[in-house]
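Written below as structure tokens is the structure these notes are about.
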Amino acid sequence: MRVLTGIQASGKLHIGNYFGAMKPMVALQKEHELFTFIANYHSLTTSKDASILKQYTIDAAIDYLSIGIDPDKTTFWIQSHVPQVLELYWILSKFTPIGLLERAHSYKDKVAKGISANHALFSYPVLMAADILMLDTEIVPVGKDQIQHIEMTRDIATKFNNEYGEIFILPEHKVAKEVATIPGIDGQKMSKSYSNAIDLFMDEKALQKRCNKIISSSTPLGEPLEWKDDTIYTLAALFLNDEQKLALQARYKSGKEGYGHFKKYLKELIWEELGEAREKRSYYLKHMDEVHDILQQGAKKAQSIAEKKIVQAKEAIGL
Ligand code: ADP
Ligand code: TRP
């Protein structure tokens, strides 16, 4: 199956992104032909600063490679390096009723949040349709908020196919198995917007400091601790198998250890889990030419597939 997904780069990644989005995506490359790109044309719709957009784009590429995107298995590129997508975007615009775009929740939400409405923001789903359709994508793994965009892609492709012949494959969305919302250091949903995140790549001292800031109840040392609903426990459990979870619960109940011990344990779990990713990351940071090479190879492969599809589409509509 051909699977495609786009990644919006919007700054430092955290443990919530890692378990909620990155790890499940990397797992897909074991079974499927995976195509993944950093959606910088999409990020442009809300970007205000050139150097920040550039930095976020390359940072996201490095982070995903470090977490385990394998360039031997997966085609990985930066969206704007395959400008063919814009040609298809224009062609698809002709098959996109205004009413369809006006119904987009994501657009309405962004405008409601005060982001000024421009044409790029409005037509964002058409570009997303072009990303998907130009590569004959069969499956698109997305978060719930993106399902409507995949449905719109199907609507646009159907309209094209009905009017000019069967050129495009209708993609299916696949919503990843619900990962429970991962809490931040204050117990609320971890998010970079709430300043409660534990970032993926910190040095060891900073990571321990961050873990020490996790809010827990004020049970005095020597008394049994409640592990249910404890943020340190909830975060630690992400890294543990059932047996290890039971062992940690027993430590909570014994009353012999305090939250300080569990914060140290959590730091160690995070530090260990990301050991390999950290090594890869420092390698890539020192070998940026290799990163650019991987992205260029990916762009080349995506371009050659897209090119063929666009020729077919143009032929079909008389361009
Ligand atoms: P943020 O809230 O930090 O801005 P994003 O909205 O950029 O994060 O999230 C990117 C993806 O990471 C989401 O689609 C979601 O799958 C995952 N994710 C983010 N925060 C969490 C969380 N606290 N728990 C689980 N998954 C999360
Ligand atoms: N809009 C998606 C998001 O915000 C990113 C994206 C762009 C995408 N193009 C895509 C996702 C194509 C899947 C397929 O997360």
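All ligand and atom numbering here is 1-based and tracks the order in the structure.
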**Request:** Please confirm whether the backbone N or O of Asn241 pairs with a side-chain atom of Gln244, one donor and one acceptor, at under 3.5 Å?
**Result:** yes
**Message:** Return the closest protein heavy atom for atom 10 (C) of ligand 1 as residue, atom name and distance.
**Reply:** Asn17 ND2, 3.5 Å
N/O to N/O under 3.5 Å, ligand 2 against protein:
unit_1	atom_1	unit_2	atom_2	d
ligand 2	1 (N)	Tyr124	OH	2.7
ligand 2	1 (N)	Gln146	OE1	3.0
ligand 2	4 (O)	Tyr124	OH	3.2
ligand 2	4 (O)	Gln146	NE2	3.4
ligand 2	9 (N)	Asp131	OD2	2.8

**Complete:** Between Leu88 and Met134 the two heavy atoms that sit nearest each other are CD2-CB, 3.5 Å
**Request:** Can you confirm whether something in the protein, heavy atoms only, sits under 4.0 Å from atom 14 (O) of ligand 1?
**Result:** no
**Asked** Take atom NZ in Lys12; do more than 12 heavy atoms of anything else shown fall under 6.0 Å from it?
**Response** no
**Request:** Verify the contact flag for atom 22 (C) of ligand 1, where contact means a protein heavy atom under 4.0 Å away.
**Result:** yes
**Item:** ligand 1 atoms in contact with Ala21 (distance to a heavy atom under 4.0 Å)
**Value:** 11 (C), 12 (O), 16 (O)
**Prompt:** Passes side-chain hydrogen bond (donor to acceptor under 3.5 Å, both in side chains), Ser66 versus Tyr283? Steps please.
**Reply:** CA-CA 9 Å; Ser66 307; Tyr283 174 85; over 6 Å; no
**Message:** What I want to find out is whether Asp136 reaches Arg2 closely enough, with some N-O distance under 4.0 Å, to be called a salt bridge.
**Reply:** no
**Message:** For atom 24 (N) of ligand 1, what's the nearest protein heavy-atom neighbour? Residue, atom name and distance, please.
**Reply:** Ile182 N, 2.9 Å
**Request:** Mark the output for His14 as yes if a heavy-atom distance to ligand 1 is under 4.0 Å, and as no if none is.
**Result:** yes
**Message:** Taking side chain to side chain contact (heavy atoms under 4.5 Å, CB included) as the criterion, tell me which of Leu274, Ile270, Asn212, Asp199 meets it with Leu207.
**Reply:** Ile270
**Asked** Got a salt bridge between Glu273 and Lys23, using NZ or NE/NH1/NH2 to carboxylate O under 4.0 Å?
**Response** yes
**Prompt:** Under 3.5 Å, is there a donor-acceptor pair linking the side chains of Thr46 and Lys110?
**Reply:** no
**Request:** Could you grab the distance from atom OG1 of Thr74 to atom NZ of Lys301, nearest 0.5 Å is fine?
**Result:** 9.0 Å
**Prompt:** Which residue owns the protein heavy atom closest to atom 7 (O) of ligand 1, what's the atom, and how far is it?
**Reply:** Lys192 NZ, 3.1 Å
**Asked** Which is closest to atom 26 (N) of ligand 1 by heavy-atom distance: Gly143, Gly16, Ser191?
**Response** Gly16
**Request:** For atom 16 (O) of ligand 1, grab the closest protein heavy atom and report residue, atom and distance to one decimal in Å.
**Result:** Gly20 O, 3.5 Å
**Request:** Verify the neighbour count for atom CE of Met1: are there more than 12 heavy atoms of other residues, nucleotides or ligands below 6.0 Å?
**Result:** no
